Visitor: 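One structure, pasted below without further comment.
These figures come from a predicted structure and were not determined experimentally. A, B, ... follow the sequence lines: proteins, then strands. Residue 1 opens every chain.
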Amino acid sequence: MRHLEAAAIGLAFAIAATYMAVLSSRQASGVHHVGAQRALAWALLNAQSPGNVTKLLGIALNGTRAEVFVTNPGEAIQPKLPFCYSAALVNATSNEVKIVTVCAGP
Amino acid sequence: MRLKAAEAGHARRRRGQLALIGVIVLASTLIALLSLYELQPRVAYERGHLQAAQLVHLARACMASGGCTREKLAQLVQRLYQLNGTYPLRVYVTYVRQAPNPGSVSLQGGSITVANTTVFEIETLQTVFTGSPEQVVVEVWMVSAETGRRYSKTVGEETYTMVEVRVTYAHSYSSPFFNVTLCPALRALDSVADLKRLSGCEWLLGTPLELSQPVDVNVPPGIGVKGFRYELKDEFSVPVLVLFRR
């Protein structure tokens with residue numbers, strides 16, 4: 001009987017320890033969307049027109065979970081992914097501006 | 001006596017079984033609670049590369065429009081601030097320290113170097129600790145030298161005297177986050193000039209003398225040089241001024 005009680009107490013400890021380990025391992029760590037931000041930076045350095053920037057951006061983001069929007073200033077974006085970075089593509093001759101937004105997330 | 005011992009054993013067995021049942025109930029409850037727990041990730045937005053690249057893009061756009069002065073560049077930076085209110089541009093506080101126009105011209109041997117440098121100062125996290133802003137520098141430079149070769153070229157009914165010029169053209173971008181040198185492609189604005197890339201940033205240009213403009217180039221320390229200018233554009237639509245002497 002004492003062996004059974006000891007086993008029950010040991011089992012309680014084991015379950016509690018397992019619970020703590022599982023909970024700790026599932027704690028969310030910091031999320032960095034470095035890839036999406038750097039992809040847009042790289043595209044901006046290597047191209048100037050909105051068409052070429054988005055083309056390069058598509059190449060850089062290939063295979064990753066991201067979405068790209070090209071909008072005029074004032075237009076709202078409705079991304080499905082939560083973490084977004086934007087850049088303004090300016091044509092200083094015509095004063096035209098396009099906003100390129102890349103959104104990434106789990 | 002024997003009966004009492006047996007009864008005591010039964011009681012202990014029952015307590016152990018109750019303890020085991022309690023453990024099972026505890027485990028089930030904890031697992032059920034764990035399944036309801038929703039995780040919220042901690043998110044950090046990175047800032048740096050994109051914001052510096054944005055300023056490089058802005059400088060190139062200003063140069064492409066021609067006559068990029070400090071005031072014009074400052075207006076474009078203000079536009080970024082306005083857009084930052086609506087879109088996640090995450091701009092740094094930015095000052096225009098130097099505009100690309102007017103650029104600098106220098107003479108070394110037989111080569112003429114034209115440099116246009118844009119300097120932005122940005123208040124980054126380091127500025128909080130050091131008190132000094134960091135810089136994003138956009139440098140566009142072109143070195144041209146005649147090879148001495150001249151030839152004739154007939155386009156349609158016109159015959160042109162072509163002056164061969166060796167050109168080195170590059171963009172150099174430096175920031176706290178990256179240092180990049182690009183060799184942008186060049187293109188002629190007419191169908192007369194001959195343009196051939198030798199390697200990387202090196203080009204061989206056949207310039208039609210009849211379509212080149214004579215200029216007086218003032219080179220420090222106050223030397224005036226008579227020569228010609230011929231304009232190309234690079235892949236970012238930035239005007240490229242090729243200078244060569246007679």
Visitor: Please classify the contact between S94(A) and chain B as side chain, backbone, both or neither, with a heavy-atom cut-off of under 4.5 Å.
Guide: neither
Visitor: Measure distances from Y173(B) to the heavy atoms of chain A and classify the residue's part below 4.5 Å as side chain, backbone, both or neither.
Guide: side chain
Visitor: Could you state the interatomic distance from CZ (R166(B)) to CD (E202(B)), rounded to the nearest 0.5 Å?
Guide: 5.5 Å
Visitor: Quick check for you: among S86(A), A41(A), A88(A), which has the greatest number of heavy-atom pairs under 4.5 Å with chain B?
Guide: S86(A)
Visitor: Side chains of Q82(B) and R79(B): any donor to acceptor distance under 3.5 Å?
Guide: yes
Visitor: So which part of R60(B) gets closer than 4.5 Å to some heavy atom of chain A, the side chain, the backbone, both or neither?
Guide: both
Visitor: Show, in sequence, the C-alpha distance, side-chain angles and deciding distance for E231(B) and K233(B), and conclude whether the salt bridge (charged side-chain N to carboxylate O under 4.0 Å, His left out) test is met.
Guide: CA-CA 7 Å; E231(B) 194 168 300; K233(B) 281 207 172 179; 5.6 Å; no
Visitor: Just to verify, which of H49(B), R47(B), E46(B) counts as forming a side chain to side chain contact (heavy atoms under 4.5 Å, CB included) with Y85(A)?
Guide: E46(B)
Visitor: With a 4.5 angstrom heavy-atom cut-off, could you sort out which part of I99(A) is near chain B: side chain, backbone, both or neither?
Guide: side chain
Visitor: Would you mind checking which part of N52(A) comes under 4.5 Å of any heavy atom in chain B, side chain (CB onward), backbone (N, CA, C, O), both or neither?
Guide: neither
Visitor: Less than 4.5 Å apart, any side-chain heavy atom of L205(B) and any of L232(B)?
Guide: yes
Visitor: What option among A39(A), A43(A), G74(A) has the most heavy-atom pairs under 4.5 Å with chain B?
Guide: G74(A)
Visitor: Is it the backbone or the side chain of E235(B) that comes under 4.5 Å from a heavy atom of chain A, or both, or neither?
Guide: side chain
Visitor: Side-chain contact test, heavy atoms from C-beta onward, threshold under 4.5 Å: evaluate it for Y230(B) versus V165(B) and give yes or no.
Guide: no
Visitor: Side chain from CB out, backbone as N, CA, C, O: work out which of these in F177(B) comes under 4.5 Å of a heavy atom of chain A, or both, or neither.
Guide: neither
Visitor: Sub-3.5 Å donor-acceptor pair from the side chain of N84(B) to the main-chain atoms of R90(B), do we have one?
Guide: yes
Visitor: Which bit of A19(B) comes within less than 4.5 Å of chain A, counting heavy atoms only: side chain, backbone, both or neither?
Guide: both
Visitor: Is the side chain of Q54(B) donor-acceptor paired with the backbone N or O of V91(B) at a distance under 3.5 Å, no angle test?
Guide: no
Visitor: Out of L80(B), L89(B), L58(B), L182(B), which one racks up the most heavy-atom pairs below 4.5 Å with chain A?
Guide: L89(B)
Visitor: When heavy-atom pairs shorter than 4.5 Å are enumerated against chain A, which of L83(B), T86(B), I21(B) gives the highest number?
Guide: L83(B)
